[in-house]
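Below: one structure, written as structure tokens.
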Amino acid sequence: MEIVIRSAKKEDLPTLLDFEQKIIEAELPMDPTLKTEERINYYDIGAYITSDHTEVVVAEIDNEIVGSGYGQIRDRLDYFKQKQLGYIGFMYVKEAHRGKGVSQKIIQYLYDWFKTKDLEEIRLTVYDKNPRAIRAYEKVGFEKHLIEMRINLKD
């Protein structure tokens, strides 16, 4: 089984939009602030595919798209040492292919892409209630850095 990572193409958009909805479906129980009464989107994947500051990638096994992710160059505020950082998002692997190293291959591809952009730091966000994803990110070297907290004043 060979995992091939490649840049996404416009023709991949229907599959990628399906992956996005599967991500949202998995995250809805983790975030009570997300809308549930209408279809939502996290990303403008079509625009990201053609953007020069974002690299959308897919993972293929036997010519089937089984995973996705993106790397994005983001500007930082003036008080940070670096003017820009890399951000990873849209990580998804079909359930039947989880545990095969697909996400690690996607992240390594994005690491290499960020290095060509001369970036020093990569960040991502993950729900605290998603320990499987946290373990996967820690496995490739990410460390917890900042905790975002919330309170609902209506409760």
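Closest of all the heavy-atom pairs between I106 and G69 is CG2-CA, 4.1 Å. The two residues L16 and A8 have their closest heavy-atom pair at CD1-CB, 3.9 Å. I88 and F142 make their closest contact through CD1-CZ, 4.1 Å (heavy atoms, listed as atom of the first residue, atom of the second, distance). Of all heavy-atom pairs spanning T36 and L28, the tightest one is CG2-CD2, 4.0 Å. In terms of heavy-atom proximity, Y109 sits nearest to V57 at CE2-CG1, 3.3 Å.
Applying the side-chain hydrogen bond (donor to acceptor under 3.5 Å, both in side chains) definition to pairs two or more places apart or across chains, those involving residues 12-24 are R6-D12, D18-K22, E20-N41. Applying the side-chain hydrogen bond (donor to acceptor under 3.5 Å, both in side chains) test to pairs two or more places apart or on separate chains, those with a residue in residues 94-106 are E64-K94, H97-K100. Listed by first and then second residue, the salt bridge (charged side-chain N to carboxylate O under 4.0 Å, His left out) pairs that reach into residues 69-82 are R76-E121, sequence neighbours excluded. Every pair passing ring pair (Phe, Tyr, Trp, His ring centres under 6.0 Å) that includes a residue from residues 36-78 is listed here, sequence neighbours excluded: Y43-Y70, Y43-F90, Y48-Y70. Residue pairs meeting the ring pair (Phe, Tyr, Trp, His ring centres under 6.0 Å) criterion with at least one member in residues 8-28, sequence neighbours excluded: F19-Y92.
L110 contributes atom CG, which lies 8.5 Å from atom CD1 of I5 (distance to the nearest 0.5 angstrom). A distance of 8.0 Å separates CD1 of I65 from NZ of K9, quoted to the nearest 0.5 Å. From D44, atom CG reaches atom CD1 of I49 across 9.5 Å, with rounding to the nearest 0.5 Å. How far NZ of K129 is from CD of E27: 12.5 Å, rounded to the nearest 0.5 Å. Atom CD1 of I3 sits about 10.5 Å away from atom CG of D62, to the nearest 0.5 Å. Within the model, atoms CG of D118 and CD of Q82 stand 10.5 Å from one another, a figure rounded to the nearest 0.5 Å.
No more than 12 heavy atoms of other residues, nucleotides or ligands shown are found within 6.0 angstrom of CD on E143.
With sequence neighbours left out, the salt bridge (Lys or Arg N to Asp or Glu O under 4.0 Å) criterion links K10 to no other residue. Here E138 pairs with I134, K144 under the side-chain contact (heavy atoms from CB on, under 4.5 Å) rule; sequence neighbours left out. Considering only residues two or more places apart in sequence or on other chains, K117 meets the side-chain contact (heavy atoms from CB on, under 4.5 Å) condition with I73, W113, L119. Under the side-chain contact (heavy atoms from CB on, under 4.5 Å) criterion, T33 pairs with D31, R150, sequence neighbours left out. Residues passing the side-chain contact (heavy atoms from CB on, under 4.5 Å) test with N130, sequence neighbours excluded: M30, V126, Y127, R132, A133.
Counting heavy atoms from C-beta on, the side chains of M91 and I107 come closer than 4.5 Å.
The cluster map of Ile, Leu, Val, Met, Phe, Trp and Tyr, joined by side-chain heavy atoms under 4.5 Å apart, puts Y137 and F114 in the same cluster. In the hydrophobic clustering of ILVMFWY residues, with side-chain heavy atoms under 4.5 Å counting as a link, V4 and V93 come out apart. Hydrophobic cluster membership differs between L85 and Y111, with clusters built from Ile, Leu, Val, Met, Phe, Trp and Tyr side chains linked at under 4.5 angstrom.
The hydrophobic cluster containing L146, built from Ile/Leu/Val/Met/Phe/Trp/Tyr side-chain heavy atoms closer than 4.5 Å, comprises no other residue. Cluster partners of F80, by chain and number: L77, Y79. The rule joins Ile, Leu, Val, Met, Phe, Trp and Tyr whenever side-chain heavy atoms lie under 4.5 Å apart.
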